[in-house]
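Note that the structure is predicted; figures quoted are calculated from it, not measured. Chain A is the first sequence line, chain B the second, and so forth, proteins listed ahead of strands; every chain is numbered from 1.
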Amino acid sequence: MPISQFPSEGSDFIREIIRADLAAGKHRTVITRFPPEPNGYLHIGHAKAICLNFTLAQEFGGRCHLRYDDTNPTKEEQEYIEAIERDVRWLGFDWGQHLYFASDYFEQMYQWAEQLILKGQAYVCDCTPDEVREKRGTLTEPGIPCEHRQRSVEENLNLFRRMRAGEFPDGSRVLRAKIDMASGNINMRDPVMYRILHAPHPHAGDAWCIYPMYDYAHPLEDAIEGITHSICTLEFEDHRPLYDWFIDQLELPEPHPQQIEFARLNLTYTVMSKRRLLELVQEGFVRGWDDPRMPTIAGLRRRGVPPEAIRLFAERIGVAKRNSVVDVQLFEHCVREVLNRTAPRRFAVLDPVKLVITNYPEGQVEWFSVPNNPEDPAAGQRQLPFTRELWVEREDVRAYPLPKYFRLYPGNEVRLRGAYLVTCREVLTDDTGQVVEVRGEIDPQSRGGQAPDGRRVKATLHWLAVGHGVEAEVRLYDYLFAKPDPDDVPAGRTWRDNLNPNSLTVRPHAQVEPALAQAAVGERFQFERLGYFAVDPDSTPQRPVFNRIVTLKDEWAKVAKTLTPSARS
RNA sequence: UGGGGCGUCGGCAAAUUGGUAAGCCACGGGACUUUGGAUCCCGCAUGUGCAGGUUCGAGUCCUGCCGCCCCAGCCA
């Protein structure tokens, strides 16, 4: 098979290995797998692995299996099984008929274990967990064999069968591979293959009371399914000799699956470990697994992130063996890139302040045509009403100007997008200095937003006619953590001390275009000048609720940051 | 002081396997602009952890250091 039929770009060490294997005739096809344990929700780190495995299969004309690595019933639940399928499908991948459960292979694995016992390569050990640990040695000292190591084949077989029969309590015995107690690789010091667990299994029910360990089960699962390239994360590098050992000793058919390790994803301003995410959920730091601030697939989906953006991100970060931390801004960039060309534009005023056009007749309504997406003329236009009283953004008004501030302040002229040029005449404030109303005059000659004399204004504002909008709740999200590295804490403090107290800000009285009340859950829009937003499941036609997916890039925010804090207030 | 990995721009990450350091994000500057958005230009590693060596030529090869990550679950 000519390898030239396969894409040569997207070069990374895994694709290089695959191309070489194909060229050498080791494999005729490429079969990968995504093997989650159903003990938690998938997060964006898993998404990297999912994208890698599925796109590799696509690129090389093979296939990718979805397989639950469900070998530990004490931690796994049906809820997670369902969530995982939903998430992988939502990401845009299809495993076809190839949905598997490791637990469906338990009988075969058991038979192979007996075979290993028969060959004298596995034995039943009666040591307590503590004894096993003590005899395993340390990183620098070899382990020592226990007395069970030289049991006869007959006794091992008998004991192992009785383990399966349920004759022994949890923790009383294990089946171990007989390899090398003195190996420098601790994984090879007679690793446990089976433990006794009298626990019902979410998929296998109560068929078993002994369960295989990952190290024994995984290579067999891969071999059974004909996996060619078994891709996992770096921490399994030490386990590869074991992975190969089981397959070799069992003399499973060639070609054997090959384990390849890559670096897991880390992102700034967030945590990725299942343990920590579970903690955030269980202790109420977030509202659930699908809280829009969570890096879970469910959270990103609820937030409004399009699956294309996640796939694009996975492609942009690449694949390598070096531990790294990806700047979350790269992720945001991918989200914007997708949304900029796909999201319809709308006007929404998050923190409304009334602008009165003093030279515009009361009761008059004019309709202006505004483009739905300047990036996509085919998206068409929509009509927006204009009246004497308008809502504008509080951030767009100041009683006194600031350097480089181009918006509304007395004497300054700006454009009301798609409508008129307006000059600010007066900014009314209360005794706390809070702006309560703005007054201005339009240039009647600037209908549509352009002055006949060609003069320019430096700012264009979004607006909504008072009485023609719908009130909405808008939820603004910021990073979950206040520091790029949540573990960056003084001695005695923990990552939890770095949680960002301002990760959620609610705007309960935002004004939006009326049609937005009809938008479906999950629909995405760009609120002009503000960012991209999606309809939250909490939304009702009476009270629409929007999540901010990501802000637009904001030059003014950068400028404002350079001004003194007092000047910004 | 065991074993396994990894060190290329602020962050990711390439380099036809020895042929003279891509690209993306971020950042800075400019153009354009009815979103301070988008788009477009320009800049951004005399240098690849350090020190030697081989070579006409080294990020790629050799030697020696240094640093970081992972492993002592009957978790995956």
Both distances under 3.5 Å, Watson-Crick or G-U wobble: report the partner of [N], or none.
{"N": "B:rA45", "answer": "none"}
{"N": "B:rA51", "answer": "B:rU63"}
{"N": "B:rG2", "answer": "B:rC71"}

Would you mind reading off the distance between [X] atom [atom1] and [N] atom [atom2], rounded to a whole angstrom?
{"X": "A:Asn266", "N": "B:rC68", "atom1": "CG", "atom2": "C1'", "value": "14 Å"}
{"X": "A:Glu315", "N": "B:rG23", "atom1": "CD", "atom2": "C1'", "value": "12 Å"}
{"X": "A:Asp327", "N": "B:rG11", "atom1": "CG", "atom2": "P", "value": "10 Å"}
{"X": "A:Asp554", "N": "B:rC27", "atom1": "CG", "atom2": "C1'", "value": "16 Å"}
{"X": "A:Asn72", "N": "B:rC75", "atom1": "CG", "atom2": "C1'", "value": "6 Å"}
{"X": "A:Tyr532", "N": "B:rG37", "atom1": "OH", "atom2": "P", "value": "11 Å"}
{"X": "A:Tyr194", "N": "B:rA76", "atom1": "OH", "atom2": "P", "value": "12 Å"}
{"X": "A:Leu384", "N": "B:rU35", "atom1": "CG", "atom2": "P", "value": "16 Å"}

Compare side-chain N and O positions of [X] against OP1 and OP2 of [N] and report whether any pair is under 4.0 Å apart.
{"X": "A:Thr460", "N": "B:rU33", "value": "no"}
{"X": "A:Arg136", "N": "B:rG73", "value": "yes"}
{"X": "A:Thr128", "N": "B:rC74", "value": "no"}
{"X": "A:His333", "N": "B:rC25", "value": "yes"}
{"X": "A:Arg529", "N": "B:rG36", "value": "yes"}
{"X": "A:Arg336", "N": "B:rG37", "value": "no"}
{"X": "A:Arg195", "N": "B:rA76", "value": "yes"}
{"X": "A:Lys321", "N": "B:rG7", "value": "no"}
{"X": "A:Arg456", "N": "B:rU33", "value": "yes"}

Using heavy atoms to find the nearest nucleotide of RNA chain B for A:Glu375 and A:His218 separately, return the residue whose nucleotide is more 5′. A:Glu375

Which is more 5' along RNA chain B, the nucleotide nearest A:Asp70 or the one nearest A:Lys458? Just name the residue. A:Lys458

Under the 3.5 Å rule, do the base of B:rG5 and the side chain of A:Arg322 count as making a donor-acceptor pair? no

Please say whether more than 12 non-hydrogen atoms of neighbouring residues, nucleotides or ligands are located less than 6.0 Å from CD in A:Glu441. yes

Under 4.0 Å, heavy atoms only, any strand: does [X] hit a base, just the sugar-phosphate, or nothing?
{"X": "A:Tyr405", "answer": "base"}
{"X": "A:Arg407", "answer": "base"}
{"X": "A:Val325", "answer": "sugar-phosphate"}
{"X": "A:Val192", "answer": "sugar-phosphate"}
{"X": "A:Lys404", "answer": "base"}
{"X": "A:Ile317", "answer": "sugar-phosphate"}

Can you pull the salt bridge (Lys or Arg N to Asp or Glu O under 4.0 Å) pairs that have at least one residue in residues 316-329 of chain A, sequence neighbours excluded? A:Glu237-A:Lys321, A:Glu261-A:Lys321, A:Arg316-A:Glu337

A:Lys48 vs A:Phe262 side-chain heavy atoms within contact, under 4.5 Å: yes

Quick one: classify the glycosidic conformation of B:rU17 as syn or anti, with syn meaning within 90° of 0. syn

Which is it for B:rG73, anti or syn, if anything within 90° of zero counts as syn? syn

Are the aromatic rings of A:Phe236 and A:Tyr214 close, with centres under 6.0 Å apart? yes

Under 3.5 Å between N/O atoms: give me all the protein pairs with nucleotides 1-4 of chain B, atom names plus distance.
| unit_1 | atom_1 | unit_2 | atom_2 | d |
| --- | --- | --- | --- | --- |
| B:rG2 | N9 | A:Leu139 | O | 2.9 |
| B:rG2 | N2 | A:Gly184 | O | 3.2 |
| B:rG2 | N3 | A:Leu139 | O | 2.9 |
| B:rG3 | O4' | A:Gly184 | O | 3.4 |
| B:rG3 | N2 | A:Asp238 | OD1 | 3.2 |
| B:rG3 | N2 | A:Asp238 | OD2 | 2.7 |
| B:rG4 | O2' | A:Asp238 | OD1 | 3.4 |

Parallel, tilted or perpendicular: which fits the ring planes of A:Trp495 and A:Phe481, with parallel below 30° and perpendicular above 60°? tilted

For the residue pair A:His203 and A:His201, categorise the inter-ring angle as parallel (less than 30°), tilted (30 to 60°) or perpendicular (more than 60°). perpendicular

Can you name the nearest heavy-atom pair linking A:Phe406 to A:Asn412, along with the distance? O-ND2, 2.9 Å

In whole angstrom, give me the gap between the C1' atoms of B:rC9 and B:rG5.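 Going atom to atom, C1' in each nucleotide, I get 24 Å.
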
A:Phe368, A:Trp367, A:Phe347 screened by side-chain contact (heavy atoms from CB on, under 4.5 Å) with A:Arg382, the one that passes: A:Phe347

I want to check a possible cation-pi pair here: A:Arg164 against A:Tyr110, using under 6.0 Å from ring centre and within 45° of the ring axis as the test. yes

